[in-house]
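Note that the structure is predicted; figures quoted are calculated from it, not measured. Reminder, nothing fancy here: chain letters follow the sequence lines and each chain counts from 1.
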Amino acid sequence: METNFKSPTGKIAYSVFAWIVGLAIFFPILWMALTSFKSEIDAVNMPPLFFDFNWTLENYTGILEQSNYFKFAMNSIILSFGSTIIGLVFAVTCAWAMAFNPTKRTKDTLLWMLSTKMMPPVGVLVPIYLMFRDWGLLDSRFGLIMVLFLMNLPIMVWMLYTYFKEIPKDILEAARMDGATLPKEIFFVLLPMAVPGIASTMLLNIILAWNEAFWTLNLTTSDAAPLTAFIASYSSPEGLFWAKLSAASTLAVAPILVVGWFSQKQLVRGLTFGAVK
Amino acid sequence: MGAIRLENVRKTFGNIDVIPGVDLEINDGEFVVFVGPSGCGKSTLLRLIAGLEDVTSGKIMINDVDMADASPAKRGLSMVFQSYALYPHMTVYNNIAFGLKMAGESKAVIEEKVRNAAKILNLTDYLDRRPGALSGGQRQRVAIGRAIVRNPAAFLFDEPLSNLDAALRVNMRLEITGLHQELKTTMIYVTHDQVEAMTMADKIVVLQAGRVEQVGKPMELYTNPANKFVAGFIGSPKMNFIEGDYAKARDCHCVGIRPEHFAISQESGDIPATVKIAEHLGAETYLHVNADNIGPMTIRATGEVPLGEHDRIWLTPDAERIHRFDANDKALSR
Amino acid sequence: MSTRASTLAGHVMSAPSIIALFLWMIVPLGMTIYFSFLRYNLLSPGMEEWIGFVNYKFFLTDHAFFASLANTLILVGSVLVITVIGGILIGLMLDQAIFGRGILRILVISPFFIMPTVNALVWKNLLMNPVSGFFAWISMSLGFQPIDWFTQAPLTAIIIMVAWQWLPFATLILLTALQSLDRDQKEAAQMDGAGPIAIFFYITLPHLSRAITVVILIETIFLLTVFAEIFVTTGGGPGLATTNIAFLVYTQALLQYDVGGASAGGIVAVILANIVAIFLVRLIGKNLDA
Ligand SMILES: Nc1ncnc2c1ncn2[C@@H]1O[C@H](COP(=O)(O)OP(=O)(O)OP(=O)(O)O)[C@@H](O)[C@H]1O
Ligand SMILES: [Mg+2]
């Protein structure tokens, strides 16, 4: 329900206003990015320096020279991609079954899966922590991949389910008449047709896993710690190097910001479980 | 070879008896049409034959082997879906080739069969396109092509023409009939279009609520319907049913007369009536009349008839073609 | 497509996910419930004993519980109000034909993709620092004393950070709902003589009601367990000023090693979340039928 502006001036004035609001919302990110190019002295300068400071890459080179940054970044990549790929295998099969072979219990199962997502993690923090401790999984990538995979599995199943539901059953039946076995039906017919849905499911899952900051903070110390924990380490007093913090933060959020921009349309479906279209 | 025999085939969904028990014999090479009102179980019966649904009980004999528990692929049948169900991500060529690939045919064989089918169906120029870039009729032909190449024991069609516009429907009807004459393969065709049923079928199976009401050649069903349901279902406009004294005088519960089996007079006759609406189509005229002591009836007259609202007419049914039914709606002998 | 073979395949294919989720949620939850009835401290191993509801009694009568419950409710409530109202306004704004709408939209939703720890530290250090933060500069330029956010108004500071993070979510969903609003309806209303304000209240808002409900329910579930923002900024303090239930449970479990007490707290959190979840699941379930 767009308004048709009566005059171009009205549209310009309105646009200017909207941009001011938009930039204000975006400002913290912008400011972080700007600060990351300042020297530590310029970063705390009063009044704040907007563009007229000595642009420097020293924060970035500093961080990249710190070998442990790569370890954290690598962990973020391994954790988010690992949990996404495992999740995809489980979720595709499950969503296929629910979308194309529904039973009386399918709907209840879906809702039950959803309700597990609504369980606050603190409700299971203690046993999970103890189990991880006893099994030697604390601070292990494998353990955390499993946690992230399970945490996001309901969302993946749901998203794929809503995408699969849009694929006419007839086409899979046609494949069956054509003599395709179940794996072939899924690989040659279902998956190629569901590529956009699968892609956006993966993207959302990568975003959620990348930013997850309850389990990653509680179950890791160093070996498996991803960027969330790396940034959290700046909260200690020695981390009062703002420019460096900004550079590290910018590096940590930049990739996911780009992914997020690309998948914004599909996010709504994934995050509302199809309740808003 | 494709002879199919259903023996006491039942299908229940939950506790609803959709197909309470059907026996049916389909001979090799026959063109069989299933007709019936919406929801009567036509698609279900077809899908049972295809193997897309399990029978609850009964046997599905394909060439004298019970296939009731075999997977769809093993039955050697092809199906053309109402929605065409083409693979949207594959070219026309790959759509047609898919079944052959699944069967593990060699590339050369696939190429030959696909090209051959494309030639028959006039699709040669479109082999590299995706289904999205085809017209409805072309998609339909691809779906048929996909069915042909597998050399099936029988083709199953589920309302294949219902998504096409009227003109195209006539064309495709003729094409499918032509195809049947050429291939001489058994075809089972589901429709609720009377004209398709009457013109294409060697044998019509009329279904109601999952039950076979009558099986027979098209004209057989028209001239000798076994019961009131078939009498009313086959033929358009619908047969007129007259109960009460008029039927009692003829020793039955109900009399059925098709709209085209009346002689019309403006002076005298069997049934006096008043014209309500006259539909002039040129080649024929439909008269919707109100018959004295009987009620509304529909009359079909050939050619142009100069009648209009309020005109009084007298109708005389063709005595040879009166149908009589008992209280259980079964047809009585003439 | 319901042959016995395909139904069986359906069961086989959905089983792994169902079993995995069962093991992940139900089993640990059962353990939490069990622990919550034990005296169980990691500092004194081997001393576990069944003590019934004592943990609950301690947890629920502890003033820390009331403080954190109050904080939780204030946090959730404030963020909901800010994000829903802000989301509607920004949604309406982005729904107009403005220059560069696509880019603007990207800018506005960006905060959602920022990881919570980055969000918290950027706000705490770069923006809210009382000496050299950006806000301090604004205050001073306007002639005010800079606010020392994390001493004077720590909970407000957390609320602002969290609201900033969730505003895009509300905006995105409400914008999606707005865009599905039938143009004809609005035009019909205009023909009937309705002004923009009447149109908003009689047509737009009712149309948004479902999306608003969804936003409220989903945000609530996530907001009940805000953790990282508190963890990296205030550590729950000063005092208990920014301790919410999730953080309280964390302190008891991993800082005080009181497994029994933490478990009881965890169960309380689960119950709170379930009150909301029931409504959400119902709503989504209804949608599933449609
Ligand atoms: N999977 C199913 N579960 C429960 N009932 C079903 C199922 N499939 C079909 N039915 C029911 O079985 C009956 C027959 O359905 P079917 O699709 O065979 O009808 P049809 O004759 O093909 O109708 P139409 O002409 O409308 O296509 C209907 O009453 C339908 O509601
Ligand atoms: Mg049907």
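Within the 4.5 angstrom heavy-atom criterion, atoms from both the backbone and the side chain of A/Phe214 approach chain C. Contact of A/Leu227 with chain C is made through backbone and side chain together, with heavy-atom distances under 4.5 Å. Residue A/Thr216: no heavy atom, backbone or side chain, is found under 4.5 Å from chain C. Neither the backbone nor the side chain of A/Leu204 comes within less than 4.5 Å of any heavy atom of chain C. C/Leu127 touches chain A through its side chain: at least one heavy atom from C-beta onward sits under 4.5 Å away, while N, CA, C and O do not. The contact between C/Leu29 and chain A is made by backbone and side chain atoms together, counting heavy-atom distances below 4.5 Å. When heavy atoms are compared at a cutoff of 4.5 Å, C/Ile90 approaches chain A solely by way of its side chain, counted from C-beta outward. When heavy atoms are compared at a cutoff of 4.5 Å, C/Thr225 approaches chain A solely by way of its side chain, counted from C-beta outward. The contact between C/Phe227 and chain A is made entirely by side chain atoms (from C-beta outward), counting heavy-atom distances below 4.5 Å. In this structure, chain A has a heavy atom under 4.5 Å from the side chain of C/Ile26, while its backbone stays farther away. Using a 4.5 Å cut-off between heavy atoms, C/Phe112 contacts chain A through both its backbone and its side chain. Proximity to chain A (any heavy atom under 4.5 Å) is shown, for C/Tyr34, by neither the backbone nor the side chain. Heavy atoms closer than 4.5 Å to chain C are found in the side chain of A/Phe27, but not in its backbone. In this structure, chain C has a heavy atom under 4.5 Å from the side chain of A/Leu153, while its backbone stays farther away. Heavy-atom distances place the side chain of A/Leu125, and not its backbone, under 4.5 Å from chain C. Heavy-atom distances place both the backbone and the side chain of C/Trp137 under 4.5 Å from chain A. Both the backbone and the side chain of A/Trp210 have a heavy atom closer than 4.5 Å to some heavy atom of chain C. Heavy atoms closer than 4.5 Å to chain A are found nowhere in C/Ala15, neither backbone nor side chain. Heavy-atom distances place both the backbone and the side chain of C/Tyr250 under 4.5 Å from chain A. Interface residue C/Leu167: only side-chain heavy atoms are found under 4.5 Å from chain A.
Your options are C/Pro168, C/Pro28, C/Gly266, and the one with the most heavy-atom pairs under 4.5 Å with chain A is C/Pro28. The candidate from C/Ser110, C/Ala9, C/Ala273 with the greatest count of non-hydrogen atom pairs under 4.5 Å with chain A is C/Ser110. Annotation: maximal heavy-atom pairing with chain A below 4.5 Å, among C/Phe22, C/Phe134, C/Phe169, occurs at C/Phe134. With chain A as the partner, the residue from C/Gly30, C/Ser141, C/Gly133, C/Ser17 showing the most heavy-atom pairs under 4.5 Å is C/Ser17. Annotation: maximal heavy-atom pairing with chain A below 4.5 Å, among C/Val108, C/Leu23, C/Ile114, occurs at C/Ile114. When C/Val270, C/Val12, C/Val232, C/Leu107 are compared by the number of non-hydrogen pairs under 4.5 Å with chain A, C/Leu107 comes out ahead.
Residues C/Thr32 and C/Ser263 have side chains that never bring a donor and an acceptor to within less than 3.5 angstrom of each other. A donor-acceptor pair shorter than 3.5 Å cannot be found between the side chains of A/Asp108 and A/Trp112.
Aromatic rings from A/Trp215 and C/Trp24 are positioned such that their centres are separated by under 6.0 Å. Ring centroids of A/Trp19 and C/Phe99 are separated by 6.0 Å or more, keeping the two rings apart.
Annotation: side chain of A/Trp158 is in contact with side chain of A/Leu111 (closest heavy-atom distance under 4.5 Å).
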